[in-house]
Amino acid sequence: MKELAKTYDPTAIEERIYDKWMGRKYFHAEVERSKKPFTIVIPPPNVTGKLHMGHALDETLQDILIRYKRMQGYNALWVPGTDHASISTEVKVTNQLREEGIDKQELGREGFLKRAWEWKEEYGGAIINQLKKLGSSCDWDRERFTMDEGCSEAVLEVFIRLYEKGYIYKGSRIINWCPVCKTSISDAEVEHEEQAGHFWHINYPITDGSGYVEIATTRPETMLGDTAVAVNPEDERYQHLIGKMLKLPLTDREIPVIADPYVDKEFGTGCVKITPAHDPNDFEVGRRHNLPEINIMNDDATICCPGKYHGMDRYEARKAIVKDLEEQGLLVKVEDHSHNVGTHDRCGTTVEPLIKQQWFVKMEELAKPAVEAVKNGELTFVPERFDKIYLHWLENIRDWCISRQLWWGHRIPAYYCDECGEIVVAKEAPSVCPKCGCTHLTQDEDTLDTWFSSALWPFSTLGWPKQTEDLEYFYPTDVLVTGYDIIFFWVIRMVFSGYEQTGKSPFHHVLIHGLVRDSQGRKMSKSLGNGIDPLEIISEYGADALRLTLVTGNAPGNDMRFYMERVKSSRNFANKVWNASRFIMMNLEDQKIAEVDASALTAADKWILSKVNSLAEEVTGNMDSFELGIAVQKIYDFIWDEFCDWYIEMVKPRLWNKEDTTREAALWTLKQVLINALKMLHPYMPFITEEIFCNLSDEESIMISSWPEYKEEWNFAAEEHAISMIKEAVRGIRNVRTDMNVPNSKKATVYVVSENPQVREIFEQGRSFFAALSFASEVKVQADKAGIEESAVSTMIPEAAVYMPLDELLDLAKEKERLKKEEVRLQKELARVNGMLNNEKFVSKAPAAKIQEEKEKLEKYTQMMDQVKERLAQLGE
RNA sequence: GGAGAUAUAGCUCAGCUGGGAGAGCAUCUGCUGGACGUGUAGAGGGUCACAGGUUCGAGUCCUGCUAUCUCCACCA
């Protein structure tokens with residue numbers, strides 16, 4: 001056995017261990033009919049991405065679950081991969097080209113894609129290596145990419161299927177347009193933010209000269225595209241206007257006044273300008289009334305209409321138009337007004353609603369099984385409250401705009417006949433037009449929304465559309481782990497795609513986590529510069545410490561704050577585990593410990609075995625309910641408090657005495673308990689547990705060892721009781737000594753007095769460690785107070801009194817004071833217990849077990865009180 | 001305008017189906033005996049936001065209210 005370092009140094013260990021795991025293919029899973037599968041697919045990070053704390057949390061949670069299930073004997077598969085991230089990547093590559101002085105358009109589609117793939121090959125894998133640093137046990141042999149051959153095949157298949165069922169259609173509709181990225185985006189990609197703006201009141205002259213109609217708008221520049229003014233049909237004020245024509249200022253057009261219930265009488269002036277081509281509501285109104293749709297904007301949001309405003313930027317035009325209206329006396333007033341502005345979530349640009357030909361997925365029918373899945377419990381969210389968010393979105397879902405005016409992505413498999421305009425949707429380019437027979441067909445220029453391919457991720461990565469063995473065995477996956485911020489983008493789309501294409505929900509559970517924030521609670525962001533790099537934390541404190549920090553004290557769905565003190569405390573725990581193990585290995589001295597018979601075990605051994613046994617039961621329960629924070633807290637407390645601070649201290653006297661007949665039992669127990677604790681800790685802290693385990697065990701790796709299960713033969717209730725009594729006495733003694741300022745070096749005889757022979761037996765049995773833990777020179781266990789000096793200090797536990805003659809140190813007044821404090825405490829406890837037991841309603845309604853519990857407490861407190869009173873009397877009180 | 005979350009020790013947060021308020025860090029006081037000072041033994045510190053209600057019993061369930069945060073929403 002090698003000598004272990006005094007402090008744990010993760011950097012020396014982690015890489016070597018990860019290489020070992022990789023080399024032995026522990027992460028790899030193949031179909032194995034004899035085992036039950038447990039599958040997770042990774043939320044594929046963007047190829048443009050760099051590992052941040054959000055990833056670190058997400059991957060840690062998945063790795064914990066997958067390692068846990070693997071140890072439980074499941075055939076655990078964690079499928080990794082990356083997402084092509086159409087817009088982000090396209091922007092990055094475009095910028096790179098620009099720096100080289102190359103214009104994307106001049107380079108052309110083919111040249112651009114070549115560069116994009118080169119870029120992907122060069123930088124795209126970076127994040128994968130970063131995931132490995134965390135200890136992620138992904139099956140890297142199965143690494144996928146949303147634009148690889150198989151995923152692309154799945155995309156084509158789904159597109160064609162949905163098209164043929166009529167769920168995908170092409171239409172001219174109002175969509176969200178990003179004037180900077182120059183592409184359409186879906187509703188989910190629009191972020192709404194409240195912005196301070198103005199409300200401009202403008203008079204539109206009535207053509208018959210009878211006056212004006214006053215409208216109010218937040219976007220005066222769009223008036224160039226107005227094709228009507230609407231009033232509510234029930235608004236008495238404006239009945240006479242309906243049907244009249246208005247002169248649209250700054251143009252030579254005339255527009256009608258129409259009546260539509262969409263208009264709110266109470267808001268603004270009650271008259272609304274209708275701009276069908278630049279506002280989603282107006283678009284609807286326009287379609288109802290067959291109004292012309294006049295587009296006044298170019299793709300870069302400059303104005304496009306005959307006249308002086310042509311070519312102006314939208315905001316420049318706004319200023320000019322307001323100025324001109326004012327000069328013409330048509331501007332009535334300007335009010336301050338804050339309103340919602342839609343921005344593109346990738347670049348922050350204000351989105352422009354525009355009418356464009358785009359491809360859409362019709363959502364109404366597709367959404368139904370996804371709604372049903374949550375309602376009938378086939379799919380559950382952890383925590384449950386995310387059901388509501390999910391359902392609310394699905395129940396109000398609108399058609400999904402899936403075409404993007406980008407090059408990096410899956411090109412839409414639609415071909416147009418140059419002659420007759422026929423649309424052919426097919427996996428491969430048709431050579432002739434099925435309608436007119438000509439041979440000139442051109443493929444649609446657009447690509448698909450990046451989420452179209454990620455929606456298929458749980459099954460496309462397992463071989464779909466081929467009915468592979470993998471698919472049949474590993475699918476549906478078990479749990480999806482992700483942040484609440486992409487429920488709309490991703491989770492919902494995976495669920496309805498799963499039902500539509502495979503007839504099943506793609507996973508059974510969705511474990512939602514929150515955001516990792518900085519120590520002040522702010523979002524970590526590039527612009528604030530407050531991000532903490534997980535890789536830096538790993539290199540300084542180790543991946544285990546980072547992982548522990550990310551799961552400790554965090555409940556599912558809640559945001560968490562990240563700060564260095566917590567990382568340090570996790571690192572300290574790793575060191576604690578390291579040193580406890582080092583201590584045990586030093587004592588084992590490489591000797592083989594034979595299986596020890598239960599009859600050879602002492603009460604302390606049985607106590608700790610019983611504790612680790614119930615720990616296994618509880619932790620398993622917590623992990624099955626995804627309560628990972630609670631589970632790891634219990635493991636932490638067990639290792640540090642029960643095992644290190646109590647059990648190891650208890651067995652030291654036995655270890656030091658080579659003649660001790662129970663020494664072997666102590667060594668065996670230490671090893672058993674440590675191994676079990678390490679196993680439970682392994683999913684959380686994989687590296688340190690592996691390193692220690694391999695130094696301790698003959699098995700080749702902890703990650704393929706078996707998860708501890710509850711075993712009846714390790715259930716020792718009597719010993720748990722006995723040891724808790726001794727611990728109680730030790731605590732009492734320590735308290736007294738601290739109170740009296742007795743240094744640890746000053747030993748005293750400790751008398752344990754109890755009339756109960758069983759209690760005396762417990763202390764007799766525990767004599768060796770009880771003496772050590774209570775700084776006793778000698779322990780005397782007896783039935784009465786014979787031989788105990790009256791001046792000895794005392795502490796009471798149920799069923800026993802403990803005395804220590806500390807002669808010269810004794811301060812009688814202080815002793816009395818302490819006893820009186822204890823008396824007051826006991827009085828309060830007795831009052832509470834008696835209050836309950838004397839309450840008829842409690843006795844008649846509370847469960848029997850609870851009543852029994854309280855009765856036992858009453859007995860204990862009464863005993864202790866008697867002892868305290870007796871002692872006080874003895875002291876002349 | 002809807003919906004949700006959060007409010008517990010100085011700080012950051014746990015607390016599952018109701019049955020004597022917890023952890024880590026911080027603060028204070030001891031302890032250097034043979035795993036660990038990244039340690040150890042102790043201490044102080046909480047009307048569990050507020051007000052009602054249900055219950056023998058409420059941090060936990062219900063109602064209301066306040067504050068903060070988040071999501072959704074077409075009031076121009």
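These numbers were taken from a predicted model, which means no experiment stands behind them.
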With a 4.0 Å cut-off on heavy atoms, is [X] in touch with a base, just the backbone sugar-phosphate, or nothing at all?
X        : value
A/Arg737 : nothing
A/Asp739 : nothing
A/His278 : nothing
A/Lys652 : base
A/Val263 : base
A/Gly270 : base
A/Phe386 : nothing
A/Gly553 : sugar-phosphate
A/Trp656 : base

Among [options], which is the nearest nucleotide to the side chain of [X]?
X        : options             : answer
A/Asn735 : B/A76, B/C74, B/A43 : B/A43
A/Asn572 : B/C74, B/G24, B/U38 : B/U38
A/Ala580 : B/A14, B/C74, B/A35 : B/A35
A/Tyr262 : B/C74, B/G4, B/G42  : B/C74
A/Ala555 : B/A76, B/G24, B/A14 : B/A14
A/Phe488 : B/C72, B/A73, B/A35 : B/C72
A/Cys644 : B/C75, B/A35, B/G33 : B/A35
A/Gln633 : B/C75, B/A23, B/A14 : B/A23
A/Asn579 : B/C72, B/C36, B/A14 : B/C36
A/Asn744 : B/A73, B/C16, B/C31 : B/C31

Looking only at side-chain N and O atoms, does [X] come under 4.0 Å of OP1 or OP2 in [N]?
X        : N     : answer
A/Lys576 : B/U40 : yes
A/Trp640 : B/U40 : yes
A/His337 : B/A76 : yes
A/Arg734 : B/G42 : yes
A/Lys634 : B/A23 : no

* **Stem segments of RNA chain B by first residue number [Watson-Crick or G-U, under 3.5 Å, at least 3]** =>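 So far as stems of 3 or more pairs are concerned, RNA chain B shows B:1-7 with B:66-72, B:10-13 with B:22-25, B:27-31 with B:39-43, B:50-53 with B:61-64.
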
Considering only the [atom1] atoms, how many Å lie between [N] and [M], rounded to the nearest integer?
N     : M     : atom1 : value
B/G34 : B/G19 : P     : 45 Å
B/A9  : B/G22 : P     : 14 Å
B/G1  : B/G46 : P     : 40 Å
B/G4  : B/C61 : P     : 15 Å
B/U60 : B/G15 : P     : 14 Å
B/U38 : B/U54 : C1'   : 50 Å
B/A35 : B/C28 : C1'   : 28 Å
B/A7  : B/G44 : C1'   : 25 Å

Check the distance between [N]'s [atom2] and [X]'s [atom1] and give it to me in whole angstrom.
X        : N     : atom1 : atom2 : value
A/Lys841 : B/G19 : NZ    : P     : 21 Å
A/Ile648 : B/G39 : CD1   : C1'   : 13 Å
A/Met836 : B/G18 : CE    : C1'   : 12 Å
A/Tyr484 : B/U6  : OH    : P     : 12 Å
A/Asn558 : B/C16 : CG    : P     : 13 Å

When rounded to the nearest 0.5 angstrom, what is the spacing between [atom1] in [X] and [atom2] in [Y]?
X        : Y        : atom1 : atom2 : result
A/Tyr204 : A/Leu246 : OH    : CG    : 9.0 Å
A/Ile726 : A/Trp646 : CD1   : CH2   : 10.0 Å
A/Trp640 : A/Lys576 : CH2   : NZ    : 6.0 Å
A/Asp9   : A/Glu691 : CG    : CD    : 10.5 Å
A/Lys727 : A/Glu642 : NZ    : CD    : 4.0 Å
A/Met223 : A/Arg318 : CE    : CZ    : 13.5 Å

* **Closest-nucleotide 5' rank along RNA chain B - winner of A/Tyr563 and A/Lys6** =>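 Checking each residue's closest nucleotide, the 5'-ward one belongs to A/Tyr563.
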
* Could you pick out which residue, A/Asn839 or A/Asp559, lies toward the 5' side of RNA chain B when each is mapped onto its nearest nucleotide? =>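 Final value for this comparison: A/Asp559.
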
* NZ/NE/NH1/NH2 to OD/OE distance under 4.0 Å, A/Lys857 and A/Glu853 ->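 Looking at A/Lys857 and A/Glu853, the cut-off is met.
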
* Asked: Should the pair A/Glu649-A/Lys652 be classified as a salt bridge under the 4.0 Å nitrogen-to-oxygen rule?
  ->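 Result for this pair is yes, salt bridge flagged.
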
* To do: Only one of A/Ile635, A/Val551, A/Asn622, A/Thr552 passes side-chain contact (heavy atoms from CB on, under 4.5 Å) with A/Ile630; say which it is.
  =>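 That would be A/Asn622; it is the only one of A/Ile635, A/Val551, A/Asn622, A/Thr552 passing the side-chain contact (heavy atoms from CB on, under 4.5 Å) with A/Ile630.
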
* Does the B/U12 base have a donor-acceptor partner in the side chain of A/Arg561 within less than 3.5 Å? ->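 Checked by distance alone, the answer is no.
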
* **hbond_proxy A/Glu649 side chain to B/A35 base (donor-acceptor, 3.5 Å cutoff)** =>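 Side chain to base: pair present.
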
* **Donor-acceptor contact below 3.5 Å, side chain A/Asn340 vs main chain A/His192** =>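 Such a contact is absent between A/Asn340 side chain and A/His192 backbone.
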
* Just by distance, do the side chain of A/Asp279 and the backbone of A/Pro353 share a donor-acceptor pair under 3.5 Å? ->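 Not a single qualifying donor-acceptor pair exists.
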
* Anti versus syn assignment for B/G33, with syn defined as within 90° of 0 ->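 Syn, since the glycosidic angle lies within 90° of 0.
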
